[in-house]
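Accompanying notes for the structure given below.
Below, all heavy atoms of this structure are taken into account, side chains as well, without hydrogens, waters or symmetry copies.
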Amino acid sequence: MNIEKLMGVVFLLVAVWQFYAFARGFKTLRTKSNKSTTAFSIAGTWYGLLFGILFLGFGMTLVLNGF
């Protein structure tokens, strides 16, 4: 196993964790947000989804020898 595939697997694992963290954060925002909820927490939740998608793309690319 070469280093690119190993890094691809690491990116895929981080992507899975990031999707889990996004789902947990989104659920928390939906159930417990109120007027004092800041825009930073909402933006951070959505950026978590964006990073999950990016990590998934990098991971798939590295595992499939795209680089």
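Applying the side-chain contact (heavy atoms from CB on, under 4.5 Å) criterion to Thr37, with sequence neighbours excluded, gives Leu29, Ser33, Asn34, Ser41, Ile42. Partners of Phe26 under the side-chain contact (heavy atoms from CB on, under 4.5 Å) rule, at least two apart in sequence or in another chain, are Phe22, Arg30, Thr45, Trp46.
Residue Trp17 is not grouped with residue Leu49 when hydrophobic side chains (ILVMFWY) are merged at heavy-atom distances under 4.5 angstrom, including chains of intermediate members. In the hydrophobic clustering of ILVMFWY residues, with side-chain heavy atoms under 4.5 Å counting as a link, Val16 and Leu64 come out apart. Linking Ile, Leu, Val, Met, Phe, Trp and Tyr whenever their side-chain heavy atoms come within less than 4.5 Å leaves Leu13 and Tyr20 in two separate clusters.
Between Leu12 and Phe55, the closest side-chain pair of non-hydrogen atoms is not below 4.5 Å.
Between the side chain of Gln18 and the main chain of Gly48, a donor-acceptor pair closer than 3.5 Å is present.
Residue-environment remark: CZ (Phe19) exceeds the threshold of 12 foreign heavy atoms within 6.0 Å.
Atom CG of residue Leu54 and atom CZ of residue Phe58 lie 6.0 Å apart, to the nearest 0.5 angstrom. Here Phe40 contributes atom CZ and Tyr47 contributes atom OH; the two are 11.0 Å apart, rounded to the nearest 0.5 Å. Atom CG of Leu62 sits about 10.5 Å away from atom NZ of Lys5, to the nearest 0.5 Å.
Closest approach of Ala15 and Gly52 over heavy atoms only: CB-O, 3.7 Å.
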